[in-house]
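Naming convention: chains lettered A, B, ... in sequence-line order (proteins, then strands); numbering from 1 in each chain. Model, not experiment: these values are computed from the prediction.
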Amino acid sequence: MSALEAKLGVPKKKGEEKPTAEKLERARREKVNHFRNQQKIYIEGTDLPEPIATFEQLRDQYKIHPKIMQNIEAAGFQYPTPIQMQAIPVMLHDRELLACAPTGSGKTLAFSVPILVHLKQPMNKGFRALIISPTRELASQTHRELVKLSEGTGFRIHMIHKAAEAAKKFGPKSSRKFDILVTTPNRLIYLLKQDPPAIDLARIEWLVVDESDKLFEDGKTGFRDQLATIFLACTSPLVKRAMFSATFAHDVEQWCKLNLDNVISVSIGARNSAAETVDQELLFVGSETGKLLAMRDLVKKGFMPPVLVFVQSIERAKELFHELIYEGINVDIIHADRTQQQRENVVQSFRSGKIWVLICTALLARGIDFKGVNMVLNYDFPSSAVEYIHRIGRTGRAGRTGRAITFFTEDDKPLLRSIASVIQRAGCPVPDYIKHFHKLQSKQKKKMIKKPLEREHILTSPRFLQRKAKRKGIISQKGVKKGKAKNNNAHLQTVPEK
DNA sequence: AAAAAAC
């Protein structure tokens with residue numbers, strides 16, 4: 001008897017009248033519902049596959065490759081998380097899916113396992129599974145996870161590094177020795193639009209859209225059209241699609257209900273809520289200058305690295321970087337204006353602990369799993385509750401605890417209430433006077449999002465300090481870090497002892 | 001609207 005059957009099975013009691021098949025079925029359904037409620041698994045749809053309670057059930061019921069089973073154990077995953085309990089069987093029953101589960105609750109494994117089980121073994125047919133991510137950093141991380149999970153099975157998992165190289169590698173003349181592709185949208189579209197197309201998605205059987213609400217963003221510069229092009233290129237009648245995110249968007253749900261085949265919707269816990277493992281705090285800092293003072297105060301009081309600091313724009317990221325470089329802490333910066341190589345180096349150095357404080361834009365807000373980030377600092381107020389949830393979700397992952405501090409000024413009042421609500425719902429204290437703020441109408445919120453705050457510049461350090469830094473080689477003439485060590489310039493961030 | 005996303 002499997003563990004789930006032990007949990008879900010109907011106990012036979014002596015002297016009880018012989019249960020009819022219907023009664024058994026009803027009791028079983030009740031047990032399943034109870035289990036789902038216990039795990040805060042909320043599910044909608046018809047013919048719903050039962051959740052699993054242990055990974056062993058993948059061996060007993062779904063014939064998982066023993067190597068993958070071993071890799072799951074070796075990676076230290078003892079029990080499936082709620083999203084894994086439900087999403088894995090849903091996908092293994094070939095059912096299309098809309099999934100919403102908190103940050104850091106194991107969504108990557110929840111779609112990676114069923115993809116690998118579904119594909120059974122490597123084949124030389126070309127790509128049979130495709131995962132789309134909004135940033136290269138997230139694609140790279142997902143790629144790495146899949147490689148780790150499939151070690152010893154021979155599956156070939158690819159990322160597109162240079163589109164030109166990829167065209168040769170994956171084109172019609174290639175030997176088709178690949179199984180799974182993880183990519184950001186535009187690189188893939190570039191390959192699709194070659195004449196003849198440099199990649200063939202006609203054999204894709206699983207298409208996973210990670211951070212689906214981000215990739216469904218509409219408008220002239222949104223991802224949505226790119227996603228549509230990719231959907232259309234997956235022409236196999238066998239193709240199934242799954243959408244994953246930590247936040248729930250109604251337009252995604254609507255789209256799924258209209259376009260997916262008998263879609264199942266799975267949500268874990270309350271939708272659009274922050275991870276309960278994050279200790280959240282709002283801090284009034286008065287003004288822009290107040291932010292810098294409060295930041296310096298945090299540094300001085302001694303804080304626990306690694307720390308992620310979020311700002312609103314690339315420009316502000318640069319400004320803040322130039323302020324903090326003088327603090328004697330290992331600080332670095334990442335945003336989309338940096339080169340691919342710089343981005344990779346920074347992520348690598350932050351992962352390895354060489355960088356203590358990483359200043360970033362929304363680039364790192366979603367999906368990125370840095371082990372043990374102790375604090376997220378929202379230096380600039382997030383532009384929506386959704387962005388807030390993703391940002392602070394970089395800490396408090398996989399059951400660990402984390403801390404998030406969010407600076408706010410008078411200017412941030414309009415969105416304060418909606419973010420305070422998220423904090424309150426997560427059980428963290430919110431000052432009374434904020435609770436009494438009037439709620440912004442959704443119309444006004446949209447306006448806020450469309451026209452974000454124009455903030456004062458971050459105070460610039462006195463000139464003499466900059467000249468001093470230049471002499472010491474901390475920053476170059478242009479005020480940008482020197483990149484003389486091509487591959488690893490992390491050590492340049494350390495301000496020499498005085 | 002910002003940020004992200006190809007060569």
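- The distance from atom NZ of Lys168(A) to atom C1' of dC7(B) is 13 Å, rounded to the nearest whole Å.
- Of the candidates dA2(B), dA4(B), dA6(B), dA2(B) carries the atom nearest the Lys214(A) side chain, counting heavy atoms from C-beta on.
- Atom CG of Asp225(A) and atom P of dA5(B) are 17 Å apart (whole Å).
- Arg343(A) comes within 4.0 angstrom of the backbone, heavy atoms only, and of no base.
- With hydrogens and angles ignored, no donor-acceptor pair closer than 3.5 Å exists between the side chain of Gln312(A) and the base of dA2(B).
- Under 4.0 angstrom from either OP1 or OP2 of dA5(B) there lies no side-chain N or O belonging to Thr135(A).
- The distance from atom CG of Asp337(A) to atom C1' of dA6(B) is 16 Å, rounded to the nearest whole Å.
- Judged by distance alone, the side chains of Tyr42(A) and Gln86(A) never bring a donor and an acceptor atom under 3.5 Å apart.
- Rounded to whole Å, the distance from CG on Asp213(A) to P on dA3(B) is 19 Å.
- Atom NZ of Lys220(A) and atom C1' of dA5(B) are 16 Å apart (whole Å).
- In this structure, Ile314(A) reaches the sugar-phosphate backbone alone: every heavy-atom distance under 4.0 Å involves primed, P, OP1 or OP2 atoms, never a base.
- The separation between Asp380(A) atom CG and dA2(B) atom P is 14 Å, rounded to whole Å.
- Here Lys162(A) lies in heavy-atom contact (under 4.0 Å) with sugar-phosphate atoms only.
- We find that CG of Leu227(A) is positioned 17 Å from C1' of dA6(B), with the value rounded to whole Å.
- Taking atom CD of residue Glu165(A) and atom P of nucleotide dC7(B), one finds them 10 Å apart after rounding to whole Å.
- Distances shown here put every side-chain N or O of Thr361(A) at or beyond 4.0 Å from the OP1 or OP2 atom of dA2(B).
- With no hydrogens or angles considered, a side-chain donor-acceptor pair links Asp213(A) and Thr247(A) at under 3.5 Å.
- Glu145(A) pairs by the side-chain hydrogen bond (donor to acceptor under 3.5 Å, both in side chains) definition with nothing, not counting sequence neighbours.
- Below the 3.5 angstrom threshold, one finds a donor paired with an acceptor across the side chain of Thr221(A) and the base of dA3(B).
- If you check the side chains of Ser267(A) and Arg271(A), you find a donor sitting under 3.5 Å from an acceptor.
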Give every donor-acceptor pair under 3.5 Å between a side-chain atom in residues 217-226 of chain A and any protein atom, sequence neighbours left out.
{"from": "Glu217(A)", "atom 1": "OE2", "to": "Lys214(A)", "atom 2": "NZ", "distance (Å)": "3.4"}
{"from": "Arg224(A)", "atom 1": "NH1", "to": "Phe216(A)", "atom 2": "O", "distance (Å)": "3.4"}
{"from": "Arg224(A)", "atom 1": "NH1", "to": "Asp251(A)", "atom 2": "OD2", "distance (Å)": "3.4"}

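- Within the structure, every side-chain polar atom (N or O) of Arg316(A) is placed at least 4.0 Å from both OP1 and OP2 of dA2(B).
- Each of dC7(B), dA5(B), dA3(B) was ranked by its minimum atom distance to the side chain of Glu217(A); first place goes to dA3(B).
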